[in-house]
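Right, one structure below, let's go through it.
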Amino acid sequence: MSTLAAQLDQLRGAAPATRHNARTIAALTANPGCARRALLDAAAVDKTVIAQSLGFPPQFGQSQFAITRGNSFESMVKANGCAELLALLRDTLGLTIPEVAYHDLNAVAEHTGNALRYQRTEQLLKSAIATGDGTLFDHPLLRLDIAGATAYLEPDVVAVQLDGLFHVVEIKAFPVIDGQADPAQVAAAARQSAVYVIALRELMRELGESPELVSHNAILVCAKDFTNRPTAELVDLRKQLAVVSRQLTRLTAVPELLNLLPPDATFAPGEGLEKTIAAVPSRYAPECMSSCELAFACRDEARACGSVDALGRGVCDEMGGIDTIDTVLGLADGTMEPGPEHADITAILRTAHRLRMEIAG
């Protein structure tokens, strides 16, 4: 085991490792400046347990009903070697698809270990490239470097040789009604699909192949109207691919984050947990409330120290690097003198303060 892996295991303690998925990576890249989340995710720590131990349990997540419905819908689309999916690709999207092979990669000869499944995925993809045969892979295993740590990912399906390109297929149970779906759910599915495309392109590089063999179009399969019947659309991911790729490169390297902690630090629930968490800087923003289990704890911390982060990124950007609310208020009411770098924003703050006082009376 590498030194980095051993250090991350020590941080996690005796708790089982949680796994990254496209949803968590998409959420992580939405806030790349948060060292706390980067380190916790790299160590595969269950952030829900951490949040509960700190007294701030998360208040978001999928309902059990939604999870069950999603699993049922995916099973139906994949039944009989993805027969329903093939019909969608041919009929709904009008793709010319010959007879295809189907490979179930949820396990390899009853083995579910990451290394063996990833190796088998590599072998089958390499074979598909060499032969040009059309193939569907059910839950292939991909991997992606996240701030210096390896994350394993499982797209729902990868379809091979659709017009000569690999396509990621994302299956979601939310409805498309009269040709329209909830924009927020579509956007989330697109970000997750972009993570899969990036990981699949990395695998292509490992195989010595062009990453352009992976299409920038994903196939999104959803429920049609108010039925449980599926429909499919091609989704152009070029914008999401650019954003996610850029954010991944900005994530702080895990070895640097480990230097923030003492050698015996652990995220296991216990007496020293709060101190260990506080040693790793967070970057709270109101948007975290819908995507990070630690959002309530980080919000309380930001409020306690008077951080401008608690007011949202829009306000932070407007403040031009001023870190605390006390400083903002002091510059606004004239009790603090600005440095040269804050002269412009101070003029704006003082004008706003004067207008507010005039309105107040």
Side-chain angles (χ1 to χ4, degrees), residues 1-62 67 112-115 141-154 192 195 199 244 247-248 250-285 287-302 309:
M1 181 181 293
S2 69
T3 302
L4 175 60
Q7 288 177 293
L8 294 175
D9 283 348
Q10 176 186 306
L11 282 178
R12 192 171 59 252
T18 60
R19 289 185 56 177
H20 261 304
N21 55 42
R23 186 191 302 272
T24 64
I25 292 174
L28 178 61
T29 57
N31 192 2
C34 185
R36 182 174 296 171
R37 172 154 190 164
L39 185 54
L40 287 168
D41 282 349
V45 174
D46 189 333
K47 294 189 294 298
T48 296
V49 173
I50 299 293
Q52 290 170 340
S53 299
L54 294 174
F56 296 93
Q59 299 181 22
F60 72 92
Q62 283 185 299
I67 294 172
T112 59
N114 288 339
L141 198 68
L142 310 176
R143 65 187 184 193
L144 194 60
D145 182 87
I146 305 296
T150 299
Y152 286 93
L153 307 169
E154 296 182 61
Q192 292 169 35
V195 173
V244 174
Q247 299 292 59
L248 285 173
R250 293 175 58 193
L251 292 175
T252 304
V254 171
E256 295 176 19
L257 298 180
L258 288 170
N259 292 334
L260 299 172
L261 300 173
D264 58 346
T266 176
F267 289 125
E271 185 177 341
L273 176 61
E274 187 171 349
K275 184 177 180 181
T276 303
I277 290 291
V280 186
S282 67
R283 184 174 182 255
Y284 171 77
E287 294 88 344
C288 298
M289 300 297 285
S290 63
S291 61
C292 183
E293 295 85 346
L294 286 173
F296 285 93
C298 294
R299 181 182 67 175
D300 184 74
E301 181 182 69
D309 289 342

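Count residues from 1 along the sequence.
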Exercise for the section: Would you sort out whether E274 and L54 count as a side-chain contact (heavy atoms from CB on, under 4.5 Å), showing the intermediate values? Expected result: CA-CA 7 Å; E274 187 171 349; L54 294 174; 4.1 Å; yes
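With values rounded to the nearest 0.5 angstrom, T48 atom OG1 is found 8.5 Å from L294 atom CG. For the atom pair R23 CZ and S291 OG, the distance stands at 11.0 Å (nearest 0.5 Å). Note that the OG1 atom of T276 and the CG atom of L11 stand 8.5 Å from one another [nearest 0.5 Å]. Once rounded to the nearest 0.5 Å, the distance linking NZ of K47 with CG of L40 reads 7.0 Å. Interatomic distance, I25 CD1 to L248 CG, rounded to the nearest 0.5 Å: 7.0 Å.
Applying the salt bridge (charged side-chain N to carboxylate O under 4.0 Å, His left out) test to pairs two or more places apart or on separate chains, none has a residue in residues 254-269. A salt bridge (charged side-chain N to carboxylate O under 4.0 Å, His left out) check over residues 27-38, counting only residues at least two apart or in different chains, returns the pairs R36-E301, R37-D41.
Looking at V244 and Q247, their side chains never come closer than 4.5 Å, going by heavy atoms from C-beta outward. Two residues are said to be in side-chain contact when any heavy atoms from C-beta on lie closer than 4.5 Å; R299 and F56 fail this criterion. Residues L153 and L141 have side chains not in contact (no heavy-atom distance under 4.5 Å, counting atoms from C-beta outward).
Heavy atoms only, all atoms of each residue included: L142 and A199 are closest at CB-CB, 3.9 Å. Closest approach of F267 and I50 over heavy atoms only: O-CD1, 3.0 Å. L260 approaches P281 most closely through the heavy-atom pair CD1-CD, 3.5 Å. For the pair P269 and V49, the tightest heavy-atom approach, listed with the atom from each and the gap, is CG-CG1, 3.8 Å. The nearest pair of heavy atoms linking L261 to A279 is CD2-CB, 3.8 Å. Shown here for S53 and L273, the closest heavy-atom pair between the two residues is CB-CD2, 3.6 Å.
R143 contributes no side-chain N or O that, together with a main-chain N or O of Y152, makes up a donor-acceptor pair within less than 3.5 Å. Not a single donor-acceptor pair under 3.5 Å links the side chain of S282 to the backbone N or O of C34. With hydrogens and angles disregarded, no donor-acceptor distance shorter than 3.5 Å links the side chain of Q52 to the backbone of P58.
Applying the side chain to side chain donor-acceptor pair (under 3.5 Å) rule to T18 yields no partners; only residues at least two apart in sequence or on another chain are considered.
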